[in-house]
Amino acid sequence: MYRGKSIVELRDLIDKGDLGKEEVFEKANYLAHFFQDDYNSFVTILDKYKSKDSDSDSLLNGIPYSLKDNFSTSGILTTASSNILRDYVPVYDATVYKKLKKAGASLVGKTVLDELAMGGTGTTGHTGVVRNPYDKERMIGGSSAGSVASVALGIVPFSIGSDTGDSVRKPASYGGVVGFKPTYGLISRYGLFAFASSLDHVAIVTRSVEDGAIVADTLKGYDSLDMVTYKSSKEEFRKSLDNDIKGKKLFYIKEVCGMDAYKDSDDKELKEVLESFQEVLAECRKKGFIIEEVSIDKKILEALYPAYMCISCAEATSNNANLTGIQFGPRGEGETIESIMFDARTKGFSELIKRRFVLGSYILQKENQEKLFLNACRVRRMIVDKINELFQEYDGMIAPCSGGVAPTFDSSSEKLSDRYLILENHLVIGNFGGFPSITIPYHKINGLPVGLNITGRVKEDAVVLNMAKKIEEITGLKGIYAEVGDGDV
Ligand code: GLN
């Protein structure tokens with residue numbers, strides 16, 4: 001009756017009186033507990049139905065959801081999955097949480113992330129690893145690991161995550177769900193713990209494109225508390241989903257996902273990803289899309305990941321300087337302020353985070369700024385200019401999100417191979433340009449999902465959603481979830 005239902009389906013059941021709002025919450029709560037030991041989606045599960053019955057006419061009224069644990073929720077533990085915030089209970093609400101409360105949506109739990117949203121494996125949170133609902137021996141990816149797992153398990157129909165490099169759109173690919181990162185500034189980030197402010201976005205996890213549009217409609221809008229937000233048009237994304245894509249033009253980048261890009265590789269999974277991608281493209285063409293291959297200088301594409309690391313580590317080092325153990329989190333020991341902070345930060349961050357802060361500090365050192373930070377910003381500008389130039393002719397870019405299915409926990413990657421340097425990291429283009437970008441499932445390999453991504457022009461979220469909805473129809477994978485366990489309620 002409840003598990004695996006979309007927002008639209010639950011809305012209907014609630015409106016018809018087949019399910020009560022509190023009953024819906026209880027079912028979600030039951031599922032959250034049922035799957036917690038095996039998959040570890042949550043840092044905190046909320047056991048009390050809090051939202052007073054709201055009279056809001058929002059489509060989200062009475063709909064349960066989960067929220068990544070790097071969004072501030074007043075009175076509810078918010079750890080960012082880091083030891084340095086392990087006891088932190090905020091005193092203010094993030095704008096998205098406030099808006100969802102007002103809409104009458106009910107929060108089921110705060111989800112596990114890679115520590116401070118840095119990482120892509122879902123294995124570095126302070127409460128343990130998140131497992132892939134399609135195969136427990138595999139990662140779900142990250143950093144919005146618990147958000148994706150909770151939707152992929154059918155616990156909640158939607159979750160709110162954050163996406164700085166690919167943190168919603170990449171795990172969405174591994175979890176067979178929809179991951180939508182709207183245009184930079186469409187949704188306020190007030191109360192989202194800053195990682196790299198020029199790249200940080202609020203992003204949405206759902207099981208259908210239409211549900212993603214509904215949540216974006218609820219969350220969008222100018223907020224004086226986040227200076228990059230803008231007044232978006234009143235027109236609802238959901239209402240503009242008309243399925244009319246005739247003449248829409250897409251490109252894919254030959255060096256990222258062309259059939260010949262990895263000629264020398266004997267990776268079977270990669271071959272299947274590329275072939276099935278071409279098959280979907282062929283179907284899309286039959287339905288009216290125009291899709292062409294374009295070429296971009298491989299040197300720029302190879303520089304994407306290093307440029308992302310330079311910019312994000314530099315910004316993260318500065319943003320996280322407030323985590324001293326003095327205002328928040330466990331206090332360090334020592335005689336002086338400096339030694340107290342030193343102790344708190346030494347104990348509070350894992351090695352991975354420390355490595356990023358060391359990199360960030362190095363990149364920001366006066367003598368390195370020109371060579372490292374500013375050059376990374378130039379690479380960013382070069383790629384964004386190139387994509388914008390292509391967007392003069394094309395409505396969007398399409399690509400597989402990854403060269404394979406979710407990796408196993410013990411797999412090692414050859415970080416410098418083409419696949420890892422380009423195909424595994426190209427989603428960051430969406431953050432570099434602030435472009436609206438969405439992942440939807442398009443294929444399964446041995447039962448494990450893989451996703452494709454569509455990225456479009458800034459402020460053309462509606463166009464991107466509409467194209468994605470059409471492709472969702474073509475793949476026939478709308479609404480899938482991992483039907484594991486007997487937790488049906
Ligand atoms: N995986 C990327 C990283 O390691 C992206 C993280 C994110 O988008 N928050 O930083």
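Side-chain atoms are counted along with the backbone in the values below, which use heavy atoms only and exclude waters and symmetry mates. Counting starts at 1 for both ligands and their atoms, following the listed order. None of these values were measured; they are calculated from a predicted model.
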**Asked** Has Phe328 got more than 12 heavy atoms of other residues, nucleotides or ligands less than 6.0 Å from its CZ?
**Response** yes
**Fill in**
d(Ile353 CD1, Glu115 CD) to nearest 0.5 Å is 4.0 Å
**Fill in**
In chain-and-number order, ligand 1 lies under 4.0 Å from a heavy atom of each of Ala117, Gly119, Gly120, Ser143, Asp163, Thr164, Gly165, Asp166, Ser167, Phe195, Tyr308, Arg356
**Message:** Consider side chain to side chain contact (heavy atoms under 4.5 Å, CB included). Of Ile363, Leu359, Ile311, Leu364, which one does Leu372 pass it with?
**Reply:** Ile363
**Asked** Quick one: side chain to side chain donor-acceptor pair (under 3.5 Å) partners of Thr124, sequence neighbours excluded?
**Response** Asp114
**Request:** Could you check if a side-chain atom of Val178 sits within less than 4.5 angstrom of a side-chain atom of Thr439, using non-hydrogen atoms only?
**Result:** no
**Asked** Does atom CZ of Phe409 have more than 12 heavy-atom neighbours from other groups under 6.0 Å away?
**Response** yes
